[in-house]
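Some notes on the structure that comes next.
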Amino acid sequence: MTPPDSPEVELDPKFQAAVQRLHRSTVIGRWLVVIGLWLTIGAWSLWELRYPISLMQDYFTWAALRHGLISNLPATVGLGFCIGMTLSVLVWQSRNILFGLPIEEQQKLEQTVLKIRQQGQSHPMWKWIEPSEKS
């Protein structure tokens with residue numbers, strides 16, 4: 001098999017399509033993790049903060065917000081974790097859209113595609129990377 005930095009691999013349109021499919025599945029996977037976090041930890045955190053939130057709906061002050069978050073530390077940490085993961089995926093995807101993939105990340109994706117191709121159909125990502133060609 002040719003190394004990932006050889007010109008033959010870079011020019012192969014099927015290989016580049018497989019790299020793009022792997023990147024797309026990575027993006028989908030990251031968003032699924034974020035959705036899962038919001039559905040579990042985020043929902044629990046908001047449920048735990050329901051009383052301070054209901055008070056702040058009537059009389060919002062920054063002091064009430066601070067007290068509500070400090071008095072429910074586990075829920076605050078969970079909410080912060082969900083917000084942090086969401087922002088990190090947003091920044092990561094925005095960087096990739098605006099500036100393209102960094103060279104290191106592109107090479108890592110190429111090496112992963114080569115490993116998947118080398119293992120063949122027994123690899124769990126095979127059907128995501130190499131779609132079946134039905135005519």
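When reading the values below, keep in mind they use all heavy atoms of this one structure, side chains included, and skip hydrogens, waters and symmetry mates. Only a predicted model underlies this, so the values are computations on that prediction, with no experimental measurement involved.
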Which heavy atom in Pro52 sits nearest to a heavy atom in Gly68, and how many Å separate them?
CB-CA, 3.9 Å
[X] [atom1] to [Y] [atom2] distance, which is reported to the nearest 0.5 Å:
{"X": "Ile83", "Y": "Ser88", "atom1": "CD1", "atom2": "OG", "value": "12.0 Å"}
{"X": "Leu55", "Y": "Arg50", "atom1": "CG", "atom2": "CZ", "value": "12.0 Å"}
{"X": "Glu105", "Y": "Thr26", "atom1": "CD", "atom2": "OG1", "value": "8.0 Å"}
{"X": "Cys82", "Y": "Leu39", "atom1": "SG", "atom2": "CG", "value": "9.5 Å"}
{"X": "Ile116", "Y": "Gln118", "atom1": "CD1", "atom2": "CD", "value": "11.5 Å"}
{"X": "Leu109", "Y": "Gln16", "atom1": "CG", "atom2": "CD", "value": "10.0 Å"}

Arg30 side-chain N/O to Val27 backbone N/O, donor-acceptor pair under 3.5 Å:
no
Is the shortest side-chain heavy-atom distance between [X] and [Y] below 4.5 Å?
{"X": "Asn96", "Y": "Pro102", "answer": "yes"}
{"X": "Glu48", "Y": "Pro74", "answer": "no"}
{"X": "Ile53", "Y": "Trp47", "answer": "no"}
{"X": "Thr76", "Y": "Ile70", "answer": "no"}
{"X": "Leu65", "Y": "Trp62", "answer": "yes"}
{"X": "Phe15", "Y": "Glu110", "answer": "yes"}

Hydrophobic clusters here meaning ILVMFWY residues chained together by side-chain heavy-atom distances under 4.5 Å, can you tell me if [X] and [Y] are in one?
{"X": "Tyr51", "Y": "Leu79", "value": "no"}
{"X": "Trp128", "Y": "Leu101", "value": "yes"}
{"X": "Leu49", "Y": "Val77", "value": "no"}
{"X": "Met85", "Y": "Ile28", "value": "no"}
{"X": "Trp44", "Y": "Leu37", "value": "no"}

Name the residue from Lys14, His123, Gln121, Arg117 that meets the side chain to side chain donor-acceptor pair (under 3.5 Å) definition with Glu130.
Arg117
More than 12 heavy atoms of other residues, nucleotides or ligands under 6.0 Å from [atom1] of [X]: yes or no?
{"X": "Ile103", "atom1": "CD1", "answer": "no"}
{"X": "Phe60", "atom1": "CZ", "answer": "yes"}
{"X": "Trp126", "atom1": "CH2", "answer": "yes"}

What residue among Ile41, Val34, Ile35 forms side-chain contact (heavy atoms from CB on, under 4.5 Å) with Trp38?
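Answer to the side-chain contact (heavy atoms from CB on, under 4.5 Å) test with Trp38 among Ile41, Val34, Ile35: Val34.
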